[in-house]
Structure formats: C-alpha cells, structure tokens
J.: 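Here it is, the structure, as structure tokens.
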Amino acid sequence: MDEKFLKPYDPTETEPRIYAQWEQSGFFNPDTCIAAGAAKPDAPTFSIVLPPPNVTGRLHMGHALMLAVEDTLVRFKRMQGFRTLWLPGTDHAAIATQSVVEKKLKKEEGRSRHDLGREELLKRVEAFATESHDTIVKQLKTMGASLDWSRETFTLDEARNKAVRTVFKQMYDAGLIYRGLRIVNWDPKGQTTISDDEIVYEERTAKLYTFRYSKDFPIPVATTRPETKVGDVAVAVHPDDTRYQQYVGKEYDAVFCDVPIHINVVADKDVDPEFGTGAVGVTPAHSKIDWEIAERHNLSHENIVINEYAKMTVPGRLEGKKTTEARELVIEWLKSEGLLEKEEDTRQNIATAERTGGIIEPLPKLQWWIAVNKEIPGRGKTLKELMLEPIERGEIRFVSEQFEKVYRHWIENLRDWCISRQIWYGHRIPVWYRGEEIAVGEAPEDEGWTQDEDTLDTWFSSGLWTFSTLGWPETTPDLSAYHPTDLIETGYDILFFWVARMILMTEFALGTVPFKTIYLHGLVRDAQGRKMSKSLGNNLDPLDIAAKFGADAARMALMVGNTPGTDMRISEDKIKGYKHFANKLWNITRFILERTEGVELAAEFTQADAAIRDELSALAKDVTADLEAYRIHLAAEKLYHFTWHRLADEILEESKPILLGEDAAARASRARLLRDTLDTLLKLLHPFMPFVTEEIWQRIPNQSEKLLMVAAWPR
RNA sequence: GGGCGAUUAGCUCAGUUGGUUAGAGCGCACGCUUCACACGCGUGAGGUCACAGGUUCGAAUCCUGUAUCGCCCACCA
C-alpha cells in the first residue's frame with residue numbers, strides 16, 4: 001500500500017498537482033476526449049458556457065457555488081461519455097470595471113477620468129482588467145473547474161466585437177435599434193445613463209411641500225422636489241376632479257424664484273386625485289411621467305433646468321446651485337412670499353445607481369434604444385414575444401418552476417431597453433456620422449466620418465454569450481455541435497439582466513433558444529445570514545478557503561443542503577466538516593487497501609455480499625437520476641451518508657471479522673466487494689470532490705483506467 | 001400597490017409523485033488512547049412539521065384562510 005495513506009489527507013499539497021495533471025491530459029477539451037477514445041465522435045453533446053466573471057477583482061463564494069454546481073454536472077456528463085464542453089471566458093463589465101478603476105484613480109492619484117482622457121483611461125482599465133483576469137483564472141483552477149481553456153474568450157476581444165457589431169447592424173436594419181430623445185436615468189456620480197434594471201430604490205423620509213406658484217395662481221400643488229418647479233410648464237389634474245374643472249384649459253404666468261414660468265392647466269387621467277392636493281406640477285424635462293403627460297398634451301419638453309452634474313441651470317438665485325441647495329433656497333423664497341401652505345413628512349423611494357450609489361436625475365437625452373414592442377419585419381412578432389415563446393412552448397424550462405412566473409411578469413412589463421452608456425470602457429457603438437449621413441455596423445472606408453462617442457450597455461454583449469463564444473457570426477463546427485447549450489447556471493439576481501437578454505438576443509440572431517434549462521442558484525450568505533460584502537468584511541475568498549480546507553470541502557459545503565433558487569448560509573465550520581469527510585474517504589481507502597492486500601479477489605460474491613453490491617448499484621442509479629434532474633444537493637447528501645454511515649460505520653466494521661476469519665471464500669468475496677465498492681464510490685463522488693477522489697484513484701494498485709476524470713460512470 | 005417564496009430538532013437546512021416509526025450536519029450530554037481514521041468511535045436526549053379548517057384509507061407534502069418573516073417588480077407628483 002502507498003505509504004501516503006498512513007498520514008492524513010493533505011488537500012493543499014494534492015490539489016494543485018492534480019489540476020496540473022488534468023490540464024496536461026487535455027481532457028477538458030472534448031476533441032481530446034474523442035481522440036483518446038474517452039468519448040465517441042458521435043456521442044451526444046453536453047455544453048455549458050461559464051457565466052463570465054466580471055474582471056473587477058476576484059471571485060467570491062457565489063462564484064464558488066456556481067463553479068461547484070457546473071463542474072459537478074460537467075464531470076458527470078463527461079464520465080457518462082458525452083462530448084462535454086464547458087467554455088470559459090470573462091466579462092469586461094463596462095460600468096462596473098471602469099468605476100472600480102476610476103475610484104482607484106481618484107483615491108491614489110486624485111485624478112478623474114477627464115484628467116486622463118479617453119485613451120489613457122482605457123489603458124489603465126485594460127491593465128486592471130488583465131490583472132483581474134489572471135487572478136480569476138487562478139481561482140477558477142483552484143476550485144477544480146474542468147474548463148476547456150483552449151476555447152477561452154473575453155466579451156471585449158476581437159471576435160466578440162465582431163459579433164456585437166453584427167447583431168447591432170441586424171437589429172438596426174430591422175428597425176429595432178433606434179436613436180431617441182427620452183427621459184433617461186442619469187447617474188450624476190457615474191456621469192452616464194443607466195437602464196431601469198440598474199436602479200436600486202432606497203426608502204427614505206422626505207418632506208412633501210404644498211405651495212402655489214404665485215399669489216393669484218388658483219391651484220395649490222404638492223411636491224417633494226420644489227427646486228424642479230422652475231421647470232414646470234403645466235399643472236395636471238384628474239379630468240373628473242370637480243374642484244379644478246373650471247381651470248382646465250386656462251394659462252397662467254408667474255415668476256417663480258426669479259424664473260419666469262408659463263403654466264397650462266391640463267386634465268390627465270394619470271393624476272391621482274387622492275394624493276396631495278390632487279394637482280401635479282408638470283416638469284417634463286425632469287420626470288418620466290411628466291414627460292409623458294407633456295407629450296399627451298403637446299406641451300414643451302425643452303425646459304431643462306438641471307444639468308448632468310445635478311446643478312441648476314436657471315438664471316437668478318438658483319443658478320449653479322446643487323439641487324439639494326436649491327431646494328432650501330426655493331423653500332426659503334416660498335416662505336418669504338407666503339406661498340408655502342403645508343410641509344409634511346412622507347415616505348419616498350429614492351432611485352439610486354447600483355454601481356455608484358448616485359441619486360438618479362431624470363434627464364432628457366438622445367440615446368440608443370432597443371424596441372421590444374415593435375414587430376420584427378418578416379417575422380410578425382416582437383422581441384417581447386420572442387422572449388416569452390420558448391418558455392411557453394417548453395423549449396426552455398426552469399429547474400425551479402417559481403421563476404417562470406417571475407420571468408413572465410417581468411417580460412410583460414418590459415419597456416424599451418436603453419443600450420447606450422456615456423462611459424469609455426466597452427464596445428463603442430458601431431455607428432458613424434458624417435453630416436446628415438449615418439453608417440452602421442462597420443466603419444466606412446472613406447474620409448470624414450466620426451464614430452458615436454458612447455459605448456454599449458455591457459449586457460448587450462453578454463446577451464450574445466452562448467453563441468458569440470462558439471464563433472458566430474461564422475458558421476463554425478463548434479456552433480453547430482454545441483449550440484443551443486444544454487444549461488445555463490447562474491444566480492437568480494441576474495435573471496433579468498442576463499438570462500432574459502440571452503433569450504432575446506439568441507432568438508433574434510439565430511432563431512433558437514440559447515439553452516434548454518435554466519438552473520438558478522441563490523445567494524451565498526455568511527453564518528448569520530448576512531450578505532457577504534466588503535463593508536462588513538465577511539467575505540470568504542475561495543483561495544483562502546481552498547488553502548485552509550481544500551477545494552473539495554468547499555464544493556461539498558456549498559452543494560449539500562442547498563436547493564436551487566434558495567439562499568444559503570456558509571461558515572468555516574460547515575466547510576471543515578467536509579474536509580473531515582475527505583479525510584474519512586482517505587482512511588476508508590487505507591483500510592480497504594491494507595486489509596485486502598494479498599487477499600485473492602473472488603469471482604463470485606457470497607449472498608450477503610451480492611446484496612451489498614445491489615445496494616450500491618441502487619445508490620448509483622439514484623445518484624444518476626438525481627444528477628440528471630439537477631437534484632445535486634440530494635445526490636451529494638446520499639453519497640456522503642452512504643460513505644460514512646453505511647460503508648465506514650457498518651460495512652467496514654462487519655468486514656473486520658470476515659477478513660480475519662477462517663472462511664477463505666467469504667474473505668475473497670468480501671475483499672472483492674470492498675475493492676469494487678471503493679472503485680464505484682470514487683467514481684460517484686468524483687464530480688463532487690474531484691481532487692481527493694482522483695488522488696486516491698491513482699494510488700490504488702492495478703488501476704485499469706488511468707485518469708478518474710474520464711473513467712466510465714457506473715451504470 | 002402587484003407578484004414570488006419561506007415557516008420542520010437549540011442552530012443551519014434536506015425531505016423527489018401524498019405512503020412504514022419525519023432525516024442530516026453542527027451543537028449538546030455521557031462514555032471511549034477499540035490494531036482505517038481523535039479530521040475519530042459508541043450511546044443518548046431533543047420535533048404538536050407556524051396556526052385554523054378542509055380533501056383523503058393515509059397529509060410536513062394537496063386545497064382554503066390567518067399570522068409572521070424574506071425577496072422581486074412597480075412607484076404618488
């Protein structure tokens with residue numbers, strides 16, 4: 001017996017060595033598996049694209065969970081003989097990455113992006129992205145991820161750029177991408193537009209003020225943002241509100257806090273007569289709803305009073321003031337003029353930007369949009385319909401069915417998607433202007449063209465991920481073999497951002513689904529159930545965890561008892577438990593090898609041993625069925641339980657007298673049973689705990705299959 | 001305001017299509033230097049499955065309602 005078994009299992013020494021061995025074997029690449037006979041050339045395929053981690057730093061435990069689940073499924077399928085592809089890549093994560101670099105720049109050098117300029121900033125961001133990428137790859141390998149590195153991609157590399165330009169052009173030609181002036185969510189801190197999905201609402205107490213524009217203005221108006229009232233063009237009331245009907249259609253002039261304003265009184269059904277005074281001051285340039293009201297009543301949109309830095313642009317005492325300062329000044333002025341009628345507390349949800357925390361300032365801006373409710377020429381359907389159909393037809397199914405309703409509900413309320421961003425890192429919008437002319441897709445060859453300054457929302461390129469990574473728009477063998485992919489596995493928090501956008505993009509560009517099954521995992525929280533975050537300092541780094549307990553232990557701890565779609569708690573104690581389990585398996589092996597060394601292995605089992613062999617076959621079947629149905633938590637728990645409490649506690653114990661006994665036939669049968677059981681169990685456990693099982697496997701004498709990772713799955 | 005989910009042992013959670021006596025890990029108590037393993041072994045305590053009705057031969061599981069907690073979406077000026 002290998003002397004190594006005399007000491008406890010040491011994952012830190014083992015894991016990097018084993019990973020190097022796997023990598024060297026080339027079996028992460030399905031082509032190598034075929035060449036080596038580990039998969040048949042015509043075997044069915046199984047493919048997953050790795051949800052590309054953002055190059056914003058390093059991986060956290062949520063990523064570790066994702067890797068554990070995906071690697072387990074991939075290894076399972078590979079051992080079953082599928083042509084299995086798990087394709088790695090990273091995401092440039094435009095806003096997220098640029099804002100990390102900008103923050104660093106500010107902190108370390110006290111400079112802004114404008115001090116550096118576009119080109120220099122991009123150099124900095126790219127350097128940072130490269131560094132992050134390398135860290136992330138190291139972490140992925142540490143977790144044991146059997147990714148095909150020969151096919152690695154990046155959302156911003158040349159091939160992916162090409163895919164982005166191609167889809168953009170196709171959508172533009174189909175009339176689905178358009179440029180339009182609308183109220184956008186402007187983040188004054190990040191100096192960019194963001195989409196509705198990037199908004200986080202924070203509940204706060206705010207003051208609701210009731211006032212009149214002037215002494216002779218007949219209708220009192222309630223507002224939480226008095227400073228915007230210098231931009232008002234109308235007062236809207238409900239059409240049935242008898243209090244105000246007599247004023248509808250009338251116009252008034254006033255000088256509001258040094259600013260001359262002209263107010264139309266209009267009737268609009270969107271006004272709630274119960275709220276405030278039942279009358280809304282309409283500020284078209286600084287409120288989405290007001291913009292719509294103004295459109296319905298042909299009122300001016302152009303009355304902009306706040307700029308991109310959230311400062312007032314009107315002449316007079318407010319000029320150049322921040323909105324918050326201006327608010328105070330307006331209240332002061334209202335009081336001094338005797339126009340303020342009431343001041344009360346109200347609860348308010350304030351819109352903030354997810355990445356920067358800046359308070360969103362609605363502003364009218366010329367932006368690029370994707371129309372989701374417009375019929376696609378030649379297809380008779382809208383993008384929204386394309387997003388719903390595969391779910392309805394059952395071509396895509398959710399592992400946790402509750403998400404189907406959530407998804408539908410989101411789609412039904414979907415509005416046009418704003419895809420342009422005023423940041424520099426990302427895919428530059430593939431549009432060029434020359435006077436009145438416009439060119440889309442590829443840069444024109446001739447002189448005088450200027451490219452659009454903006455970049456694309458990062459989710460535009462992520463939406464193409466399942467097929468851009470396989471070589472589209474070229475028709476590659478990979479694309480036809482591995483697309484649609486079998487599974488997408490990611491956190492439920494990016495169902496809308498990403499999963500929905502992949503369905504949209506793939507249905508549009510390829511007319512197929514991007515994947516057949518959606519497996520959404522929950523959040524990984526700390527032992528107290530809190531979100532892991534930098535500010536709380538309760539983050540666990542997969543690298544540290546692997547160094548302390550081994551990647552195998554981390555993987556098991558993340559999978560056992562964790563049902564898809566549900567948040568879980570993780571603690572070092574739990575992970576330690578599975579480190580012990582790896583050691584238990586190690587010692588089981590030691591026992592079996594020691595006690596069967598030199599014992600002749602029987603050809604036939606005794607009746608008792610045949611029963612145990614059947615029990616094991618039943619377990620194998622059970623685990624297989626669980627994995628095929630994505631019940632990973634159950635499979636893992638069953639294996640744990642069998643290994644420790646059936647095999648070690650019972651079978652090994654009752655084997656002791658048999659192996660030391662006089663009955664040679666029983667001894668030979670039991671020896672063979674134990675060796676067979678160990679082999680089978682190592683195979684069954686390998687997808688979950690790849691390192692320790694592989695290490696043991698290679699130290700068992702007379703092993704017929706060399707690498708456990710491509711050994712045949714028990715059937 | 002609309003939607004989704006949860007409530008099972010002290011704690012964290014499983015429990016697949018309704019089917020024996022409801023399980024695991026951790027923790028706890030007691031005892032073990034037993035020749036695979038103290039990263040261990042043995043024994044044990046601990047549950048009205050949130051509550052109230054209903055369906056059923058049978059309910060933690062299905063239905064209705066209530067309570068509490070959590071999350072998502074929308075958002076009132």
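Here is the naming used below: chain letters follow the sequence lines, and residue numbers restart at 1 for every chain.
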J.: Compare the minimum distances between each of B:rA24, B:rC41, B:rA77 and the side chain of A:H641, then state the nucleotide with the smallest one.
T.: B:rA24
J.: Using the ring of each side chain (for Trp, its six-membered ring), is A:Y492 parallel, tilted or perpendicular to A:F403, with breaks at 30° and 60°?
T.: parallel
J.: When you measure only distances, ignoring hydrogens and angles, does the side chain of A:D573 come within 3.5 Å of the base of B:rC26 through a donor and an acceptor?
T.: no
J.: Whether the side chain of A:N373 engages the backbone of A:D416 through a donor-acceptor N/O pair (distance < 3.5 Å, no angle test) should be reported.
T.: no
J.: Within the structure shown, what part of the strands sits under 4.0 Å from A:Q348 by heavy-atom distance: base, sugar-phosphate, or nothing?
T.: sugar-phosphate
J.: Measuring only the C1' atom in each nucleotide, how far is B:rC62 from B:rG23? A whole number of Å is fine.
T.: 22 Å
J.: Could you tell me how far B:rC28 sits from B:rC71 if I compare only their P atoms? Round to whole Å.
T.: 31 Å
J.: If you count the non-hydrogen atoms of other residues, nucleotides and ligands that lie under 6.0 Å from CD in A:E13, is the total more than 12?
T.: yes
J.: Using the C1' atoms only, state how far B:rG58 lies from B:rG19, rounded to an integer number of Å.
T.: 7 Å
J.: Which residue is it: A:F256, A:Y244, A:Y252? I am looking for the one with a ring pair (Phe, Tyr, Trp, His ring centres under 6.0 Å) to A:F217.
T.: A:Y252
J.: Take nucleotides 5-19 of chain B nucleotide by nucleotide from the 5' end and write B, S or -, depending on whether a protein heavy atom sits under 4.0 Å from the base, only from the sugar-phosphate, or from neither.
T.: S------SSSSB---
J.: What is the distance from CD of A:E198 to C1' of B:rC73, rounded to the nearest Å?
T.: 16 Å
J.: Using a strict threshold of under 4.0 Å (side-chain N to carboxylate O), is an ion pair present between A:R408 and A:E392?
T.: yes
J.: Hey, does A:T224 reach any base, or is it just sugar-phosphate, or nothing, if we go heavy atoms under 4.0 Å?
T.: sugar-phosphate
J.: Would you kindly give the NE2-to-C1' distance between A:H238 and B:rA77, to the nearest whole Å?
T.: 14 Å
J.: Using a strict 4.0 Å threshold on nitrogen-to-oxygen distance, state whether A:R355 and A:E198 make a salt bridge.
T.: no
J.: Is A:K584 side chain donor-acceptor paired with the B:rC37 base, going by distance under 3.5 Å alone?
T.: yes
J.: Regarding A:D197 and A:W459, do their side chains bring together a donor and an acceptor under 3.5 Å, going by distance alone?
T.: no
J.: Send over the distance from A:I411 CD1 to B:rG3 P, rounded to a whole Å.
T.: 19 Å
J.: P atom, B:rG47 versus B:rG31: distance in rounded Å?
T.: 23 Å
J.: May I have the distance from A:K342 (atom NZ) to B:rA77 (atom P), rounded to whole angstrom?
T.: 15 Å
J.: Expressed in whole Å, how much space separates the C1' atoms belonging to B:rC49 and B:rU8?
T.: 4 Å
J.: Name the nucleic acid region contacted by A:F496, choosing base, sugar-phosphate or nothing; use a 4.0 angstrom heavy-atom cut-off, strictly under.
T.: sugar-phosphate
J.: What I want to find out is whether A:E295 reaches A:R182 closely enough, with some N-O distance under 4.0 Å, to be called a salt bridge.
T.: no
J.: Find which nucleotide of RNA chain B each of A:R590 and A:D196 is nearest to by heavy atoms, and output the residue with the more 5' nucleotide.
T.: A:R590
J.: Using the ring of each side chain (for Trp, its six-membered ring), is A:Y213 parallel, tilted or perpendicular to A:F211, with breaks at 30° and 60°?
T.: perpendicular
J.: Contact class for A:R347 vs. all strands (heavy atom < 4.0 Å): base, sugar-phosphate, or nothing?
T.: nothing
J.: For the pair made of CG in A:D272 and C1' in B:rC75, what is the distance, rounded to whole Å?
T.: 12 Å
J.: A:I651 versus A:R670: any side-chain heavy-atom pair under 4.5 Å?
T.: yes
J.: With no hydrogens and no angle check, just 3.5 Å: does a side-chain donor-acceptor pair link A:H297 and A:D268?
T.: yes
J.: Please give, in whole Å, the distance from B:rC26 P to A:Q528 CD?
T.: 19 Å
J.: With nearest nucleotides of RNA chain B determined for A:N583 and A:V406 from heavy-atom distances, which residue corresponds to the more 5′ nucleotide?
T.: A:V406
J.: In whole angstrom, give the distance that lies between atom CD1 of A:I289 and atom P of B:rC75.
T.: 7 Å
J.: Do any of residues 645-657 of chain A sit with a heavy atom less than 4.0 Å from RNA chain B, and if so which?
T.: A:H645, A:A648, A:D649, A:L652, A:E653, A:K656
J.: Within the side chain of A:S533, is there an N or O that forms a donor-acceptor pair under 3.5 Å with the backbone of A:L536?
T.: yes
J.: Check the phosphate of B:rG2 against A:H409, side-chain N and O only, distance under 4.0 Å to OP1 or OP2. Yes or no?
T.: no
J.: Closer than 3.5 angstrom, by distance alone: can the side chain of A:T346 be matched with the main-chain N or O of A:A206 as a donor-acceptor pair?
T.: no
J.: What stems, by residue range, does RNA chain B take part in, given at least 3 consecutive Watson-Crick or G-U pairs under 3.5 Å?
T.: B:1-7 with B:67-73, B:10-13 with B:23-26, B:28-32 with B:40-44, B:50-54 with B:62-66
J.: So, is A:W644 near the phosphate of B:rC41, with a side-chain N or O under 4.0 Å from OP1 or OP2?
T.: yes
J.: Do the side-chain N or O atoms of A:Y201 get closer than 4.0 angstrom to the phosphate oxygens (OP1, OP2) of B:rC75?
T.: yes
J.: Considering only the P atoms, how many Å lie between B:rG44 and B:rA60, rounded to the nearest integer?
T.: 26 Å
J.: Roughly, in whole Å, what's the span from CZ in A:F591 to P in B:rC41?
T.: 13 Å
J.: I'd like the C1' distance from B:rG27 over to B:rC11, given in whole Å.
T.: 7 Å
J.: Could you measure between the two P atoms, the one in B:rA9 and the one in B:rG25, and give it in whole Å?
T.: 16 Å
J.: Output the single nucleotide from B:rA77, B:rC39, B:rC41 whose closest atom is nearest the side chain of A:T223.
T.: B:rA77
J.: Can you classify the ring geometry of A:F581 versus A:Y578 as parallel (below 30°), tilted (30 to 60°) or perpendicular (above 60°)?
T.: perpendicular
